[in-house]
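Taking it in order: structure first as structure tokens, then the write-up.
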Amino acid sequence: MLASASPDRWGDYPTWLAAIGTVAAVVAALGLAIRDSRRRDAEKRRAQAEKIGAWFKNFNPSRFRQAYRLANAAEQSAFRVIVSVEPIDRPMMKTLRQ
């Protein structure tokens, strides 16, 4: 008797390629969604931070410690606020960008 050929349980090449393509498309879509979500969150945080202002209460250059006033024009409360003072003629951002 001749042995009958067993069916291929693993499928054929086009089926495998379609499955791999589907998985790759899902992974790419999830990656783009996560990146977009992080970008929107960062934009929200930056927009809130731009609505916070600070200035000297009573400026006295001879004193080491100064009092500041803070104003929050955002709709949300501000947490972990850091106030830094820099000279007007040498802005820190200009130094960091070089």
Side-chain angles (χ1 to χ4, degrees):
M1 283 195 115
L2 291 171
S4 64
S6 65
D8 188 11
R9 291 185 282 177
W10 291 97
D12 55 355
Y13 290 119
T15 304
W16 273 98
L17 289 175
I20 291 170
T22 301
V23 169
V26 168
V27 168
L30 287 174
L32 290 173
I34 290 170
R35 185 186 71 183
D36 189 46
S37 174
R38 288 181 180 167
R39 183 185 52 81
R40 277 185 278 135
D41 289 344
E43 286 176 0
K44 284 181 185 179
R45 285 192 304 271
R46 181 175 176 86
Q48 181 180 6
E50 289 176 349
K51 294 179 182 178
I52 297 174
W55 60 92
F56 289 109
K57 183 177 178 185
N58 294 317
F59 181 69
N60 184 353
S62 63
R63 292 179 57 198
F64 177 71
R65 300 185 98 182
Q66 297 289 333
Y68 303 99
R69 288 195 184 264
L70 293 172
N72 184 7
E75 297 83 22
Q76 298 177 342
S77 298
F79 299 98
R80 294 182 283 173
V81 177
I82 299 172
V83 178
S84 62
V85 179
E86 60 184 58
I88 295 174
D89 60 342
R90 289 187 341 232
M92 182 62 77
M93 294 307 292
K94 183 178 178 183
T95 306
L96 292 175
R97 289 183 184 148
Q98 292 178 352

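Quick note: residue numbers are just sequence positions, from 1. Hydrogens, waters and symmetry mates play no part in the numbers below; they use all other heavy atoms, side chains included.
- Here the side chain of Asp41 pairs no donor or acceptor atom with the backbone of Arg45 at under 3.5 angstrom.
- By the 4.0 Å N-to-carboxylate-O rule, Asp36 lies close enough to Arg39 to be salt-bridged with it.
- Of all heavy-atom pairs spanning Ala74 and Gln48, the tightest one is CB-CG, 3.7 Å.
- Looking at heavy atoms from C-beta onward, Glu75 lies in side-chain contact with Lys51 at the 4.5 angstrom threshold.
- The CD atom of Gln76 sits 8.5 Å away from atom NZ of Lys44, with the distance rounded to the nearest 0.5 Å.
- The backbone N or O of Ala33 lies less than 3.5 Å from no partner atom in the side chain of Ser37, so there is not a single donor-acceptor pair.
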